[in-house]
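The block underneath contains the structure these notes are about, expressed in structure tokens.
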Amino acid sequence: MRISRRVVLRAGAASTAGAALAGAYANLPAAAAERRQEPAVWRELRRSVSPAARLYRPGDPGYPAHATADNQRYASVRPAGVLSCASPDDVAAAVRWCAKHGVPFAARSGGHNYAGYSTTRGLVISLRPIRHVVPRGRRLHVGGGATNSDVYAARDAGLYFPGGRCPGVGVAGLTLGGGLGFNDRKWGLTCDRLVETCVVLADGTVVRAADDENADLFWACRGGAGGNFGLNTSFVFDAVPVDRLRATVFDLVFDLVLDPRVAVEVMDELQHVLDADRANDLDLRVGFRHAGDGATSLSVLGQRLGSEDALRRLLGPLLKLRPAKAFIEERGFWSAQDYLMAPAAREAHASKSLVPERWLTPDTVTAVAEWTRAWRPGPARASGFVTLFAMGGSSDAPRPDETAYPHRRATFVLDIGTTWRPGTAQAEVAPLLEQIRTVHHTLRHRLRTDAAYVNFPDPDLRDWRRAYYGANYERLVEVKHRYDPAGLFRYAQAVGASGSR
Ligand SMILES: Cc1cc2nc3c(=O)[nH]c(=O)nc-3n(C[C@H](O)[C@H](O)[C@H](O)COP(=O)(O)OP(=O)(O)OC[C@H]3O[C@@H](n4cnc5c(N)ncnc54)[C@H](O)[C@@H]3O)c2cc1C
């Protein structure tokens, strides 16, 4: 594997970059459609990768298991091939092959992208087999295809970096877009712990990106989102020794059907609780949810590093609001993370997000509670939810332009979504999408923000450039031009893409 220190080409002006890239995108689909038909072209791909790599084409026994990503909303998008890469060299060979033959492609690690951006009708370049997690001193070296569960499985090393809640989410997508979890208030976002990464560029060369080498690419890899600048085959994280730590997990559930006013009181108490958390030991998410079967609830789920007694004292006022469920338990650090982990069923879902810098007023809380109660699940019995991830603490320590992730003054990241069974008719899905649009519209105005989280991508978002990246967008386009001048890495909302959506 050749690691090039050379940085490719100088950047053009940021303002013209989008237009130039758009031109490069334009010719691709027609050429690609022809190429996909040619068996000789696919044989060339097989020959150019290692014997350990696997290529799955439609009709191959392994194809169905590898073809679809997590979000079943995009299950009808069938790739012409899925290459399961065994090494960074395989990834580089696949990128070169796609560039040579004009075959569209998408990288896939955990496959959990909300908007189907790791799905394509061309070649899926899957990095899943590259999933080592190796400790070296205080650092964890992680393969580009590892998931949260791979990181937790390597717990014998006693080292941890903040990750997400779903075991199947890929470290790649999580890190490249930011990375929220139950430890970001204490130790920062996932991307904040990244110290270096190796990236396969558009010309098939591999570069190391860190503070001391390709620093602009390294900046972009911390919040600039996956699939934009190259394919990251490995990551190195500055980890935290956690074996001696104790954490107390909690899950309080309030019934919204009985009394929606309780939501206002809960949010009011939570503001005091989070304000009092000077050491950032507490992290939580608040979930307004209609389960689809009529049950509506407000949950407060999280952990505090430290003893159960201390947490009970802190949550005292909340417990007085008489939650229907109040689970509180002190555990070792890893056992606490196991409790908070939640594997998600393979369903179809759609999401919108907002990243406000202000707290929710009582009127806004009431509006969300009422929306939850009024949710119409339709014949599909689909769920509807607004989840608020508490931010602050170490997650807003960096300046907004210090990494590509810009939202460093946020109170919460809101995930506004719906989940339905695969195979549900489009006519039943449309009213679900309309309902999440409605509450998103309400909250956008009430919270006075258009900011959105790039790891909860929304294909319907119009001004996604500002929403995801704020003032960092121009610099991201410059980095894109420098490392991917022809715009090989592309998808509907790729950095530098043209079009309003
Ligand atoms: C059930 C569920 C739970 C979630 N929970 C959380 C959470 O707790 N916190 C949070 O912050 N987010 C969460 N997310 C969102 C998640 O962070 C993003 O969807 C993330 O991008 C997924 O990463 P992935 O590798 O699994 O996705 P993929 O779909 O594989 O990839 C995501 C994007 O990155 C590109 N990509 C993939 N691999 C690479 C690579 N190696 N190099 C370069 N580009 C690559 C893809 O082409 C795609 O554009 C959740 C999502 C789901 C569906």
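Start at 1 and go down the list; that is how both ligands and their atoms are numbered. Model, not experiment: these values are computed from the prediction.
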Start with the C-alpha gap between Gln493 and Tyr491, add the side-chain angles, then the distance that decides, and say whether side chain to side chain contact (heavy atoms under 4.5 Å, CB included) holds.
-> CA-CA 6 Å; Gln493 294 182 338; Tyr491 56 95; 4.2 Å; yes

Output side-chain donor-acceptor pairs under 3.5 Å for residues 381-392, partner residues at least two apart or in another chain, one line each.
none

ring-ring contact (aromatic ring centres under 6.0 Å, His included) partners of residues 199-237, not counting sequence neighbours, each pair once =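 For residues 199-237: Phe161-Phe237.
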
What does the N/O contact table under 3.5 Å look like for ligand 1?
residue  : atom   : partner : partner atom : Å
ligand 1 : 8 (O)  : Arg165  : N            : 3.2
ligand 1 : 9 (N)  : Leu180  : O            : 2.7
ligand 1 : 11 (O) : Leu180  : N            : 2.8
ligand 1 : 11 (O) : Tyr453  : OH           : 2.7
ligand 1 : 17 (O) : Asn455  : ND2          : 3.4
ligand 1 : 19 (O) : His112  : O            : 3.0
ligand 1 : 21 (O) : Asn455  : OD1          : 3.2
ligand 1 : 25 (O) : Gly110  : N            : 3.0
ligand 1 : 25 (O) : Gly173  : N            : 3.3
ligand 1 : 26 (O) : Gly110  : N            : 3.4
ligand 1 : 26 (O) : Gly111  : N            : 3.3
ligand 1 : 26 (O) : His112  : N            : 3.1
ligand 1 : 26 (O) : Gly170  : N            : 2.8
ligand 1 : 27 (O) : Gly111  : N            : 3.4
ligand 1 : 27 (O) : His112  : N            : 3.2
ligand 1 : 29 (O) : His112  : N            : 3.2
ligand 1 : 29 (O) : Asn113  : N            : 3.0
ligand 1 : 29 (O) : Ser118  : OG           : 2.6
ligand 1 : 30 (O) : Ser109  : N            : 2.7
ligand 1 : 30 (O) : Gly110  : N            : 3.4
ligand 1 : 30 (O) : Gly111  : N            : 2.7
ligand 1 : 38 (N) : Ser109  : OG           : 2.7
ligand 1 : 41 (N) : Ser109  : OG           : 3.4
ligand 1 : 41 (N) : Asn232  : O            : 2.9
ligand 1 : 42 (N) : Asn232  : N            : 2.9
ligand 1 : 42 (N) : Asn232  : OD1          : 3.4
ligand 1 : 44 (N) : Gly227  : N            : 3.0
ligand 1 : 47 (O) : Ala107  : O            : 2.7

Quick one: side chain to side chain donor-acceptor pair (under 3.5 Å) pairs with a partner in residues 177-188, sequence neighbours left out?
->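 For residues 177-188, and leaving out neighbouring residues, the side chain to side chain donor-acceptor pair (under 3.5 Å) pairs sorted by first residue read Tyr160-Asn183, Asn183-Gln303, Asn183-Gln337, Arg185-Asp277, Lys186-Asp281.
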
Measure centre to centre between the rings of Tyr114 and His349, then say whether the value is under 6.0 Å.
->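 That pair passes the under 6.0 Å test.
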
Kindly state whether the ring of Phe489 and the ring of Phe105 have centres lying under 6.0 angstrom apart.
->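 Yes - the distance between ring centres of Phe489 and Phe105 falls below the 6.0 Å cut-off.
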
